[in-house]
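Read the structure below first, then the notes.
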2 protein chains.
Amino acid sequence: MTDDATADCCAGAPREGGRRRGRQAEAELNDQRVLEAARDVFACEGADAPVSAVAKRAGVGMGSLYRRYGSKVELIQHLCQLSMEQAVLAAEEALASTEDPWAAFVEFVHRCVRARYGALSPVAGTIPVSEAMDRTYRRSRELLQELVQRTQAEGGLRPDVNTVDISRLIELFGRSFGSRCRNTADEQVQLRLLALALAGLRVTDGDPLPGPKPSLEDYENRWYLS
Amino acid sequence: MTDDATADCCAGAPREGGRRRGRQAEAELNDQRVLEAARDVFACEGADAPVSAVAKRAGVGMGSLYRRYGSKVELIQHLCQLSMEQAVLAAEEALASTEDPWAAFVEFVHRCVRARYGALSPVAGTIPVSEAMDRTYRRSRELLQELVQRTQAEGGLRPDVNTVDISRLIELFGRSFGSRCRNTADEQVQLRLLALALAGLRVTDGDPLPGPKPSLEDYENRWYLS
DNA sequence: ACGTAGCGGAGTGATCCGCTCCGGTCGACG
DNA sequence: CGTCGACCGGAGCGGATCACTCCGCTACGT
């Protein structure tokens with residue numbers, strides 16, 4: 001497997017993408033492969049998937065994986081961090097497009113779901129929260145707040161929903177998106193259900209949502225308690 | 001723990017609920033307790049939760065549990081069976097009430113979600129399907145088909161959804177309902193999201209759902225392939 | 001008062017998983 | 001072209017966990 005990579009990027013001429021060459025190029029490539037594989041594996045099989053599965057999917061030995069990440073927890077933390085950064089980016093871009101607020105909002109949700117934001121939410125409370133994660137989360141929270149308010153004011157988002165509602169919605173679909181590594185037919189159904197929920201987010205003439213608006217505190221505490 | 005049970009049902013006067021008395025009454029009670037505990041534990045922690053957790057939650061020894069169910073798989077199969085029977089019952093009652101088809105449909109979905117129908121769907125493909133399961137599933141499928149058609153004809157259910165869509169919706173919320181054994185605040189959020197999706201099921205003037213209607217075959221094959 | 005049905009839970013063997021460590025490989029450099 | 005060492009893959013280790021068994025005990029029924 002690495003043979004391919006070696007043949008592709010090391011033995012031949014310098015690659016346009018990588019800065020370094022030879023062995024170091026392979027190392028850099030492996031970095032990406034590990035990250036991608038980890039996202040897939042953990043999103044599909046849950047955070048208790050064996051690390052060896054990640055290594056195998058990345059086409060990389062255990063040694064190479066553990067040289068980059070000191071432990072499984074560290075790897076997962078890094079994954080969470082990346083997820084949240086993606087969400088931040090998506091939110092920023094949604095806020096930047098002022099043309100159709102509702103469409104921008106929908107696009108934001110879709111991007112979060114597809115980036116599997118929240119696919120790792122089941123690990124909440126089982127790994128420590130790094131400072132980087134905390135910082136990025138805080139930023140994403142602010143942006144989401146802003147986005148929700150704007151969409152409620154100008155985009156037709158029903159006023160009785162919360163940032164927590166939206167977060168949970170994204171997590172719900174982000175978690176099950178591609179869950180259990182099923183075929184793509186599964187993903188299509190999930191997208192249909194997501195479309196259903198999004199349609200429901202627009203309706204305001206129906207019944208109001210049951211219960212009180214969920215509290216931000218409860219939402220966040222999942223990550224800290226036990 | 002069993003001391004309580006003994007004091008309650010065995011040492012005292014005959015209980016009105018149970019047919020038998022004394023030791024046999026405790027046995028019968030334990031039966032129920034095991035079932036209930038198993039449903040909770042597996043729904044919350046996933047099907048790979050240890051059997052000992054079920055026993056502990058039921059307040060019952062491992063011996064008592066294994067006398068009733070020869071193996072963990074057998075227990076899970078029984079649980080699936082019960083879930084589906086509940087769904088069948090809910091569907092029958094929904095079809096029986098002819099007054100407000102939409103309300104009956106909503107009630108049906110809620111009952112299924114609350115009964116955690118589909119909480120065990122992640123085990124699909126990991127345990128053999130008993131004939132009883134197969135039979136009950138087939139019956140539930142027929143009833144759901146009928147219910148969906150009626151609600152589409154008379155209840156305002158949008159026409160571009162499928163029985164599979166509905167099943168997956170129920171599974172989605174049934175699985176995450178109470179997932180990870182969180183507090184009840186979590187359940188309230190889930191109910192809000194469910195209400196959102198149900199609202200979306202009613203809208204017909206918005207965009208149509210993306211993709212083709214999901215195929216029943218794909219849906220069912222999850223239980224048989226690998 | 002005794003036999004025994006039914007109980008709880010410690011123990012067991014096997015599996016699995018995170019992580020380490022080492023022999024091999026191949027680019028880098030003189 | 002020879003040597004060196006950075007980096008690689010993956011076998012193996014130690015410990016944790018889990019499904020399941022087995023046995024001593026309790027207390028009901030007679």
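Residue numbering restarts at 1 for every chain, and letters A, B, ... go by the order of the sequence lines.
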Compute the bend angle of the helix from dA1(C)-dT30(D) to dG30(C)-dC1(D) from the end axes (five pairs per end), rounded to 10°.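 Axis-to-axis angle, ends of the helix: 10°.
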Can you measure [X] atom [atom1] to [N] atom [atom2] for me and round it to whole angstrom units?
{"X": "Tyr69(B)", "N": "dT21(D)", "atom1": "OH", "atom2": "P", "answer": "17 Å"}
{"X": "Leu65(A)", "N": "dC7(D)", "atom1": "CG", "atom2": "P", "answer": "16 Å"}
{"X": "Asp31(A)", "N": "dC7(D)", "atom1": "CG", "atom2": "C1'", "answer": "13 Å"}

Residue list, side chain to side chain contact (heavy atoms under 4.5 Å, CB included) with [X], at least two apart or on another chain:
{"X": "Ala38(A)", "value": "Phe42(A), Val54(A), Leu75(A), Leu79(A)"}
{"X": "Pro128(A)", "value": "Val73(A), Gln77(A)"}
{"X": "Ala195(B)", "value": "Leu209(A), Pro210(A)"}
{"X": "Glu217(B)", "value": "Ser215(B), Asn221(B)"}

What residues form a ring-ring contact (aromatic ring centres under 6.0 Å, His included) with Phe105(A), not counting sequence neighbours?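 Trp102(A).
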Please identify each residue that fulfils ring-ring contact (aromatic ring centres under 6.0 Å, His included) with His78(A), with sequence neighbours left out.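 Testing His78(A) for ring-ring contact (aromatic ring centres under 6.0 Å, His included), a comparison that skips the adjacent residues, returns Tyr69(A).
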side-chain N/O [X] vs [N] OP1/OP2, d < 4.0 Å:
{"X": "Ser64(A)", "N": "dC7(D)", "answer": "no"}
{"X": "Asn30(A)", "N": "dC8(D)", "answer": "yes"}
{"X": "Arg33(B)", "N": "dC7(C)", "answer": "no"}

Going by atom type alone, with no hydrogens or angles, which donor-acceptor pairs under 3.5 Å involve a side-chain atom of residues 83-95 of chain A and a protein atom two or more places apart or on another chain?
unit_1: Glu85(A); atom_1: OE2; unit_2: Gln81(A); atom_2: NE2; d: 2.8
unit_1: Glu92(A); atom_1: OE2; unit_2: Arg139(A); atom_2: NH2; d: 2.7
unit_1: Glu93(A); atom_1: OE1; unit_2: Arg111(A); atom_2: NH1; d: 2.9

I'd like a list of close polar pairs between nucleotides 16-21 of chain C and the protein, N/O only, cut-off under 3.5 Å.
unit_1: dG18(C); atom_1: OP1; unit_2: Lys72(A); atom_2: NZ; d: 2.4
unit_1: dG18(C); atom_1: OP2; unit_2: Val51(A); atom_2: N; d: 2.7
unit_1: dC19(C); atom_1: OP2; unit_2: Tyr66(A); atom_2: OH; d: 2.7
unit_1: dC19(C); atom_1: OP2; unit_2: Lys72(A); atom_2: N; d: 2.8

Under 3.5 Å, is there a donor-acceptor pair between the side chain of Asp218(B) and the main chain of Ala185(A)?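 It does not hold such a pair.
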